[in-house]
Structures are given as structure tokens and as C-alpha cells.
Amino acid sequence: MSRPNIALNRFGYGVRIGGEAPTNPRQYLLRQLDVFDPAPRVLAGRTDNSAKPGEIVDALRRNRRERRMQATDAGESMDSMANDSAPQRRGRRRRQLTGFPPEVQRTYLGAGRTLREDIGLRTNISVASRAPMVERLVHFWSNHFSVSAQKPGTHYQVADHEFFAIRPHVLGKFSEMLKAAVLHPAMLLYLDQFRSVGPNSPFQERRRERQDPPRRERGLNENLAREVFELHTTGVDGGYSQADITEFARALTGWTIQGIRRVERRSVPQPNGAAFVAYAHEPGSRQIMGRTYRDNNAGQARVVLNDLATHPATARFIATKLARHFAGDTPPPALVTRLEEDFLRTGGDLASLTRTLIDAPEVWTEGPVKYRQPFEWLVAALRITGVDNLNARVLADALNELGQAPWRAPSPAGYDDLEGSWAGPDALFRRVELAERLASNARADDIMNRAQTAFPGALTDNTRTWLSRAESGAQALGLLLVSPEMMRR
Amino acid sequence: MTMDLNRRTLLGSSLALGAASLALPRIALAQGVGDKNLLFVMLRGAADGMAMAAPLGDPGYEALRGATLSEYEGARRTNGFFAIHPAFEQVGMAFDAGEALFVHAAATSYRERSHFDGQNMLETGATQPYAKSDGWLNRLAGMMLERDGEDAGRALAISATMPLALRGAAPASSYAPNNLPEASNEFKARVGLLYGEDQQLGELWSQALETQAMANMGGGDDGIRSLRDAQATGELTASLMRGRDGARIAMVELGGWDTHANQLSRFRRNARALDTLLGAYRDGLGAEWANTMVVVVTEFGRTVRFNGTNGTDHGTGSAAMVMGGAVKGGRVIADWPGLRENDLFEARDLQPTIALESVLSGAIAEHMTLDPELTMARLFPGRSGQALSGIVRS
């Protein structure tokens, strides 16, 4: 593969219609660090949804008290909200919501639409972007800190998480991104942190005094603490123990979301709609991975996160994942070392890490080295076809069918970054179905030249032959969208 | 239908059954190869075995999980000890009919608590996470292919992408219904030509076309638009496995078992979906149910105590389920470890006493009439344990 082709496709989301192959691939990539827009105007126009999760969580809690069953069922029917389109399902959901106040019903029913619109924004920003490599990094980190619209309230927050906790930091410090991503309402909801309570917190002491029945007692939930170690920082072999997890879970107690009425009086607002409730925080200093953290309320978890962000195991873990994403499923050890050293030297400066990646010879090897994931493939297909205004529902449905709906990964580990997860027969069939449909609604002239520009120096004779034999421009464009050059980078 | 909590009697009875079933292979081979169906169901997220079959007879249960007792009022009890979760209606009926069993306090050799590593080991069959790149179900497909040649039948994942358990050298396909507009025949033909020189895409494409043809023939996915509908998924899976041309080995995945909060309602809902799927699958197979085995497993169990948010955290020992027309069911196979503080693994989890790898190789070897030792060695190499016997009626 030629260097211009690698710059376009391995690093980015491919060429845009009317665009040109870069003459200086390295400069083309470095320039993207300057032109990247961390706060596109379309994002500023979004409705502020920060109050919604609290509203939903509160309504659920109230209703659970009154009518335990129905409230729970309604809450959990949110699971399928984003992707369902069948009217009968909507009807059923409406019925399940009977009994909720009208404003809460509206909040519920609007959740799916909000999520779809955000998926549309994300996709169209990438399609139009002049810094596609940096967009790829946004999506890489968003997947690293994966949150999923699966629990009540999260639908309104998963996009905020990427737009406001990930995107602004993508060329900044890893520690800042880590704190923003972990302590964001979407993550606090998704990994159950928002209701974790210190066993010796004033809240719990008070309940004990009142002798509330023990089975209704709230307490520690270690889900987020575990995943921060395993997935966000040191990796599973990072040298932490079960005791470290429990201690970190204690340090995190008190971190919750804004708008939960029961604790609102005692709640101190934190960035991005999070809140800290000292009343539910476990008092005392904590011992984590050999260090002592004194109790300074909300600050305690932040200091732990600062330390984890620069831990050597974190450097290694991040370097490996980044190398795997850009240089192949089995990342070249030399590249991992290069990235790891950069991360350690700069204390996790992500702009420096990106420059090191661009300058690493291991990323410029003849390829292809990766099978494109569905989101990558769709964005590249839309850039090449010039379709940049598909409506949100079409995009959300397409990504769902392709198997990679944004913010809906099956686990907190995010979507898998290995070929075996994506190169399946049925998945390929779906791309072919979608490609024919996309091509039939796009500009289909001049396909041979566009193919040359899209894959400079990399278009095979075989693909050229079958494109030239196509019976129409639309058919040729469709074939280009599913060509081997398009499937791999 | 008996369940004995004494370790020796239990192992003794299964060994005796193992000896009795030695005569089986030749008879079954004479009946014709390649007519056995195997459905592997993987519950992702660590399903709580203590909720599937609750050990109400253990004196320690109430202290640990008193809040769950009302959930099991009127539930099926086996010898008064285990109560089968009431959401398992179809499974429960099969249990009563002697066609379903549970294996309790079972786990793979994985002893940490990461879903991803745990699932990786359960799917690859390796003794370490990420030590193997192919899956044990694929290696089983390979064994069937070696033995039965063309009669071995196909291996299929009911999924848009290929799950790790079925990845590997043996041919396997994946299929899931979708909402996309169907591609024109003309376009599909040209895609085939375009992929002519590309080995990977060429193979994926021809497998996709075959599976599509099979799905269209069975008429199985009429009206199904996604795998969310458990009934439809069960019916679809059955339709893709019916008849000579159907798949012989299939895999279905169900998620949502990671019940860190509000476990009671979430588990109930998940169990109902699993139960519906299995019931629909059994009904869809009709007479072929007699030649079918379903194995349901999860990567690990959950803490025996509830956490502060009415849920449970990642644990160790869990339960597995085996169902099928020839399964010697109506029992819970367990070497029950107990629930006292000292009985627990790391003072928090159910102590595993049966290796899941032994359960899987034993059940599958008996069902497919393969050599148990060989099966264990191929599917789960590097283990010292033996394949469990006595799962299939002799």
C-alpha cells in the first residue's frame, strides 16, 4: 500500500468525494492536529439533557415504591428503545408507562429519538470532517471508555459522554480524559456507581439508627472500580488485587448524578451533570496499589485516577491498544514500546502520542493490516459516495444492522478490535445489501477516477476490471463500496 | 430423579453410568452418522447459578439470600434441596419429563473475575485467556468433519458476527435476520466475481450465500427482524437445523446476565427469555428433538451475597444446563460445596467443584458418540480432569 493510501485509509476515514490523495502524507496527518474541531457548532445546538437521567431515576424509584413490578418493567423496557421501530412495540411501551407523570412519559419516549439524533450527529461530523484521523481517535477513546445505552437514563447521556468528556481531551492529557470519562453521569449510571454508598457513611449510619430493614439497605458496588482498573487504566494484568478494587470502590462512593431528589439537598454539582454527595461517601483514607489516599471527599477518587493515569501498566496497556487499532491485530512490539515510552515520558500527553504514532515506521508497513469495523466502513462509504446528510433514523438503523450501533457495545470493554469479530459471512452480506442501496442514491459518475483517488496506488487490477465491467455507474459504485480495498486498511 | 449430596455416591453413580454407556457408540454409528444436533447457548455476563437453581436446602442459604426466598415460592424442588427458578417454565417441564438437568457449582479453570478473560477462556477452551485463537466449538466441528466427512453437516452461529467459540479452521457460518433491503441477484453475482481472487472475502461470501439459501428454504425468518424476540430466535434456530441440510452444530448467545443491581427482576426477565427460546427451539425441532442436545453455560458465577445495590458482583462457581430428547434429566448434578464462610471461594463465591470443561466434553462426547478422552483433549487441552459421563440416557 502506498503512503497516501495509508494516510487516508489506515489512519483516517478515507477520502471525501471531490477530495484528493495527499501529496505529503505525513504533513496531511500532522495538519489534522491543528484543524481538528473539538467543539463543532452542531454540538452546541444540542438540547441540554443533563437533568433527564435524574428525572428518570427518580421516577423509577418513586414508582417502584408504589407499584414495584410495573415500574421495574417499564424501566427495563428502555433496553430496546433505541433500535426498535415497530409500532406495536412503541404501543406496548406506552402502555407500560401508564401511571408515570406525563413529563416523565415524554422523557422516556424521547430517549430513543435523542439517541438516534446523536448517532446522526456523530456520523455526519465524521463524514464531513477535515480531520478524519482525529475523529478516528475520538471514536477509539470513546470505545475505550465504552458506555452503553442500556439502563434507564443512559440514553440521554451516552452521546454527551463522547462529545463532552472524550472529544475535548483527545489531543490533551490522558489523566484529564480519564477523570472526565469515569466521573461522567453516563459512566456513573452504566456501571452502577451512582447508587453505591459507603458502608460507614453518615447515610448508612443514619439508616442503621432508624433500623431500616437490612434487605433494603444500600451499600458498596464495585463494578465501576473494577472496570477502571481492568479496562480503562492498568489492564487486567496491571498488578492490582481484589483489595485494591474494593478500596477504590470505597473512594468512589458519593459520586452520583445530579437531580436525584432524595439527596439533592446534600449534593454538590460536579462537571458534566455529575454530583458528589459527601453524606454517602465512605470516610477515611484508602490504600490502593501501595499508596495511601487521604480522605478529601470528591477529590479522593480524582487523585486515585490521576495516579492510575500515569501508572506504568497503564502506559503499556494504552500503547498496546492504540498499536492494535492502527497497526494490526497483533501489534508490532517495537511500536508498542515506542508508544509506551512516549506515554511515560510525557505523562500521557495524547497529542505527543499521536505524533509518535504518525512517525512510527511500523504503522506505514505494506498492508492491509486491519479489517474495517462497521462504523469505519460506513463512514468511509458515505465520504466516498458524498452522502453527508442521511437522516438520523436511517443512519442509526444501518449501524444497528451492521452490528456496531454507537454507544451500544455489548460490554464495558467496548466493541472488539479484532478481525475475527467483524469478518463474518452474515456481516459481509449486510454490507453488500447496504452498499447497493447507498450507491443507488448517490452521484455515480466518474467511478474509475474516484476509485483511484480513494485508494491511491493501491487499486488492484482485479477490482479495476470488475468496476469497468459494471453495467451502470451505480453498480460500479456499489462494487467499489464492498471491494477488498474498501474492506481492509 | 435422585439427587444425593454425598460426593462419593454422586461420582460413583456417574461412573457406573459411564461404564454402561460404553456399548453405545457402535449402535449409534450403525444408526447413521451426522444426525445429532448440538445447540450451544452461551450466557454472557456471568449468569447467577445460585438464582437458576437456588440451594434452598442449604442451611446457609437464608442468611445469605433471605430476600430472594419469596421468588421461589411454589418453585420446583429437587429432593427438597434445589429450587428451580420459576421463570424456567419450559425448562421445568422438560426437567419433569426427565429431559433437562442442571450441573451446579461448576466453573471453567478460570479463577479471576474479568468477563472478557472468562469468556475468552470459555470460548477458546484454553487454560489461559488469549492463549488460543480458535474456539472449542470450531474444533468440535473439525472432529465431526474428520469422522463423518460430508455427512458432518454445517456449523452455524445465530449471530451477525462469528463468536469466538466457533472461529477457527473448520468451516462455519453465521446468520441473523435483518431489516436491510435485499440486494439484487445481479449485484450479488457481481460481488461474487469481484471476490473471486480474494480468499478471505471469497470464502465469507460463499458461506453467506449458502446460509441465506438455507434460511430462505426453511422459511424460518418470516417476519423476524432481530434476535431480540426470544420465541422467534428459538424458532429460527430450529428451522436452520431441521432436516438433512440443516446445520448440526449451532450457537446462540444471550447477554444481560451481569446483574450488579436489581438482580431479582433482571434475572427473572433474562431467564424468561432463555426459557422461551429453548421451548420454541424444542417445539420447532419436532421429532428431531430426540437427537438433539442443548448445553447452556456462562463464563463464571456471582457472589453468594447480595451487594449494596440489590445485585451480585462477579463470582466463581455457577450452574450449567443440559437439555435434550436423550438427556438423562430430572436431576441436579452437584458435588455441593456448601455455603458456610469456609466453604466459599475466597469467602465470597460459590466454590466450584465440577469442571465445566468436563461437563461440556462429557455431554458432547456421549451425545455425538465421540471418544470422551479424545474429545476432552481436543476441545479443552491441558486439563487433568476427565469428561463427565452419564449425561445421556443409555
Side-chain angles (χ1 to χ4, degrees), chain A residues 69 72-73 76 79-80 83-86 150 191-192 195-197 199 215 217-223 226 230-231 236 242 397-398 401-403 410-413 420-430 432-437 460 462-463 466 469-471 475 478-479 482-484 487, chain B residues 44-45 66-67 112-117 129 133 157 159-162 164 167 173-176 178-184 186-188 190-191 193-198 200-201 204-205 207-209 211-212 225-226 228 255-256 258 260-262 265-266 269 306-309 311 313-314 346:
Chain A
M69 287 305 302
T72 310
D73 286 350
E76 288 176 349
D79 273 13
S80 51
N83 305 306
D84 287 352
S85 50
Q150 286 171 351
L191 294 180
D192 306 314
R195 53 177 138 200
S196 181
V197 171
R215 77 191 188 100
E217 190 167 293
R218 306 210 155 267
L220 202 64
N221 187 308
E222 63 186 37
N223 201 10
R226 175 185 303 281
E230 180 177 335
L231 302 175
V236 71
Q242 176 63 44
D397 286 351
E401 298 292 3
L402 291 171
S411 86
S421 299
W422 304 112
D426 196 52
L428 179 61
F429 198 81
R430 289 168 187 229
V432 170
E433 289 178 323
L434 197 60
E436 191 181 27
R437 167 60 67 95
T460 62
N462 181 63
T463 299
W466 292 112
R469 289 190 193 167
E471 64 181 13
Q475 194 180 63
L479 289 171
V482 295
S483 64
M487 292 295 174
Chain B
R44 292 192 193 271
E112 306 292 324
R113 296 188 185 88
S114 151
H115 290 302
F116 322 110
D117 288 6
S133 58
S159 167
T161 52
M162 191 69 77
L164 181 54
R167 285 183 215 161
S173 192
S174 71
Y175 175 79
N178 72 53
N179 275 319
L180 294 167
E182 217 175 299
S184 68
E186 177 62 27
F187 189 64
K188 284 189 281 190
R190 286 178 187 256
V191 169
L193 296 167
L194 177 66
Y195 290 165
E197 287 184 5
D198 191 299
Q200 180 191 32
L201 294 173
L204 291 175
W205 183 245
Q207 281 164 5
L209 290 180
T211 314
Q212 290 290 333
R225 303 180 134 213
S226 83
R228 284 224 175 81
D258 195 17
H260 284 282
N262 296 333
S265 59
R266 293 183 60 194
R269 185 181 53 144
F306 269 46
N307 62 17
T309 53
D313 295 319
H314 302 180
E346 295 183 352

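Throughout, a chain's letter reflects where its sequence line sits, starting with A, and its residues are numbered from 1.
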Of all of [options], which one pairs up most often with chain B through heavy atoms under 4.5 Å apart?
options	result
A/A413, A/G420, A/S411	A/G420
A/S483, A/G424, A/P425	A/P425
A/G403, A/S421, A/A427, A/G478	A/S421
A/L434, A/V236, A/T460	A/V236
A/R469, A/R437, A/E230	A/E230
A/T463, A/V482, A/N223	A/N223

Would you mind checking which part of B/S173 comes under 4.5 Å of any heavy atom in chain A, side chain (CB onward), backbone (N, CA, C, O), both or neither?
-> both
With a 4.5 angstrom heavy-atom cut-off, could you sort out which part of B/R190 is near chain A: side chain, backbone, both or neither?
-> both
Between [options], which shows the greatest number of heavy-atom pairs under 4.5 Å with chain A?
options	value
B/G255, B/P181, B/P129, B/A157	B/P181
B/Q207, B/E197, B/M162, B/K188	B/E197
B/H314, B/E346, B/H115, B/R44	B/H314

Rounded to the nearest 0.5 Å, what separates atom [atom1] in [X] from atom [atom2] in [Y]?
X	Y	atom1	atom2	answer
B/T309	A/R195	OG1	CZ	6.0 Å
B/D313	A/N221	CG	CG	5.5 Å
A/F429	B/L204	CZ	CG	13.0 Å
B/Y195	A/N462	OH	CG	11.0 Å
B/E112	A/Q242	CD	CD	9.5 Å
A/W466	B/L193	CH2	CG	4.0 Å

Please classify the contact of [X] with chain B as side chain, backbone, both or neither, using a heavy-atom distance under 4.5 Å.
X	answer
A/R430	both
A/P410	neither
A/Q475	both
A/E471	both
A/L231	side chain

So, A/D426 side chain and B/A176 main chain: donor-acceptor pair closer than 3.5 Å or not?
-> yes
Is any side-chain heavy atom of A/E433 closer than 4.5 Å to a side-chain heavy atom of B/N178?
-> yes
Kindly indicate whether the side chain of B/R113, heavy atoms from C-beta on, has any atom under 4.5 Å from the side chain of A/R226.
-> yes
Using a cut-off of 6.0 Å, state whether more than 12 heavy atoms not belonging to B/E182 lie near its atom CD.
-> no
Please step through side-chain hydrogen bond (donor to acceptor under 3.5 Å, both in side chains) for the pair A/D192 and B/H260, ending with a clear verdict.
-> CA-CA 7 Å; A/D192 306 314; B/H260 284 282; 4.7 Å; no
Closest approach of [X] and [Y], non-hydrogen atoms and distance?
X	Y	value
B/D198	A/P484	OD2-CB, 3.4 Å
A/E436	B/S184	OE2-OG, 2.6 Å
B/F187	A/L479	CE1-N, 3.7 Å

